[in-house]
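Below: one structure, written as structure tokens.
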Amino acid sequence: MSEYDRERRHPRFHVHDVTGSFAYAVQARVLNISLSGLAVETPTQLQVGRGYSFRLGRAQVSVLLEGHVVWCHLARTERRSGGDVIPVYRAGISFDDVLSDRAGELLDFMEKNVVLDLRRRVFGRFKLSERQEIVLHVKHRFLVKQLSVAGMLIQSPVAAQPESVFELEMVLDGRRLRLRGRIVYVQEAGAVEGTQQYRMGIEFIQPTAGQLAALEEFIREELEQAG
């Protein structure tokens with residue numbers, strides 16, 4: 001039992017068939033780019049096959065893209081000023097729907113931002129003329145195991161970092177409820193069908209009166225059904 005479990009003021013109740021999702025963001029630096037994909041460096045290991053959305057560029061010269069990870073490996077470690085050692089991963093992301101209307105936007109972005117003249121060389125990978133930081137966005141599904149008006153225990157194939165803050169969405173009796181939550185602790189929960197699962201304790205951040213009312217009503221209904 002964690003320290004958070006022992007200090008919890010609001011009891012959690014077991015719930016069934018409650019699912020949701022949280023939006024996860026990963027910081028990354030673009031190493032090179034082509035018309036079919038890009039390579040990035042990131043402190044977070046990216047899962048091969050997982051899809052992400054991200055925006056390249058700034059202001060008027062930008063393009064919103066989607067892609068999936070085709071490879072990822074540990075490149076090195078770095079020591080921070082405080083003495084902590086962090087991993088640095090390199091990953092390759094293949095663009096989705098490169099033959100859509102966004103292909104023209106991508107080509108326009110590359111013409112304005114890569115080192116070489118694309119009119120001479122259309123194929124191949126290029127370095128950007130300026131350092132490009134991007135944010136990779138993805139939504140992960142989770143299963144709610146326990147719920148209270150102050151937080152919940154969820155199970156997910158993704159282990160988020162403690163103290164991370166997310167936008168959460170749950171479906172309670174067919175009604176969508178959106179909240180903000182903070183990851184308090186993470187524990188391994190074994191494998192399900194070959195996929196490692198994690199249990200995470202989440203604390204809701206400043207829920208509104210309407211959100212609290214929805215949680216209270218759902219918990220009351222669950223307790224009544226349980227008899």
Side-chain angles (χ1 to χ4, degrees), residues 1-28 42-47 50-53 72 80 82-87 89 135-227:
M1 179 181 294
S2 71
E3 191 68 25
Y4 178 69
D5 287 322
R6 289 191 290 270
E7 295 181 354
R8 189 185 307 130
R9 296 179 180 178
H10 301 276
R12 285 184 185 160
F13 302 94
H14 291 279
V15 295
H16 304 281
D17 301 323
V18 178
T19 61
S21 64
F22 64 88
Y24 192 66
V26 176
Q27 299 288 333
T42 171
T44 303
Q45 184 175 13
L46 306 182
Q47 181 177 330
R50 176 161 291 154
Y52 291 87
S53 62
C72 181
R80 292 290 176 87
D84 294 335
V85 177
I86 64 168
Y89 295 91
V135 180
L136 305 172
H137 296 277
V138 63
K139 278 192 173 184
H140 294 295
R141 303 287 298 174
F142 62 76
L143 176 67
V144 181
K145 307 296 289 187
Q146 298 176 14
L147 181 66
S148 79
V149 295
M152 61 183 175
L153 176 67
I154 68 172
Q155 183 169 306
S156 169
V158 176
Q161 293 295 320
E163 301 302 320
S164 300
V165 175
F166 299 104
E167 300 296 327
L168 306 166
E169 182 177 275
M170 290 186 293
V171 179
L172 304 179
D173 281 339
R175 296 169 294 180
R176 294 190 178 275
L177 180 64
R178 293 181 173 86
L179 303 118
R180 295 183 74 235
R182 178 176 68 90
I183 304 296
V184 179
Y185 67 88
V186 181
Q187 298 174 339
E188 291 189 1
V192 176
E193 297 181 352
T195 301
Q196 177 64 48
Q197 299 289 311
Y198 300 89
R199 291 196 173 186
M200 295 181 283
I202 296 179
E203 178 184 53
F204 298 142
I205 298 176
Q206 297 180 338
T208 66
Q211 291 168 338
L212 288 173
L215 289 167
E216 290 173 347
E217 180 181 357
F218 178 78
I219 291 172
R220 183 172 58 253
E221 292 174 351
E222 285 283 302
L223 291 176
E224 291 175 352
Q225 292 178 8

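Note that this is a predicted model, so its numbers are computed, not measured.
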Quick one: closest heavy-atom pair of [X] and [Y], and the distance?
| X | Y | result |
| --- | --- | --- |
| S164 | Q161 | OG-O, 2.6 Å |
| S148 | F204 | O-CE1, 3.5 Å |
| A28 | L136 | CB-CD1, 4.2 Å |
| I205 | G181 | CD1-C, 3.9 Å |
| A160 | Y24 | CB-CE1, 4.3 Å |
| Q155 | A189 | OE1-CB, 4.4 Å |

Is any side-chain heavy atom of [X] closer than 4.5 Å to a side-chain heavy atom of [Y]?
| X | Y | result |
| --- | --- | --- |
| P157 | F142 | no |
| V144 | T19 | no |
| Y198 | E188 | yes |
| L215 | L177 | yes |
| L147 | F218 | yes |
| Q45 | P87 | no |
| P162 | V186 | yes |
| I202 | I183 | yes |

Could you grab the distance from atom [atom1] of [X] to atom [atom2] of [Y], nearest 0.5 Å is fine?
| X | Y | atom1 | atom2 | result |
| --- | --- | --- | --- | --- |
| M152 | I154 | CE | CD1 | 5.5 Å |
| R182 | M200 | CZ | CE | 14.0 Å |
| E222 | R220 | CD | CZ | 12.0 Å |
| L212 | Q206 | CG | CD | 11.5 Å |
| R199 | S156 | CZ | OG | 12.0 Å |
| S21 | K139 | OG | NZ | 4.5 Å |

Residue list, side chain to side chain contact (heavy atoms under 4.5 Å, CB included) with R50, at least two apart or on another chain: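 If we apply the side chain to side chain contact (heavy atoms under 4.5 Å, CB included) test to R50, skipping adjacent residues, the hits are Q47, Y52, V138, H140, V158.
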
All ring pair (Phe, Tyr, Trp, His ring centres under 6.0 Å) counterparts of H14, not counting sequence neighbours: none

Backbone of Q27 reached by a side-chain donor or acceptor of T42 within 3.5 Å: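 A pair under 3.5 Å: yes.
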
side-chain contact (heavy atoms from CB on, under 4.5 Å) between Q211 and V149, worked out: CA-CA 9 Å; Q211 291 168 338; V149 295; over 6 Å; no

Which pairs count as salt bridge (Lys or Arg N to Asp or Glu O under 4.0 Å) when at least one residue sits in residues 167-177, sequence neighbours excluded? E167-R180, E169-R176, E169-R178, R175-E217

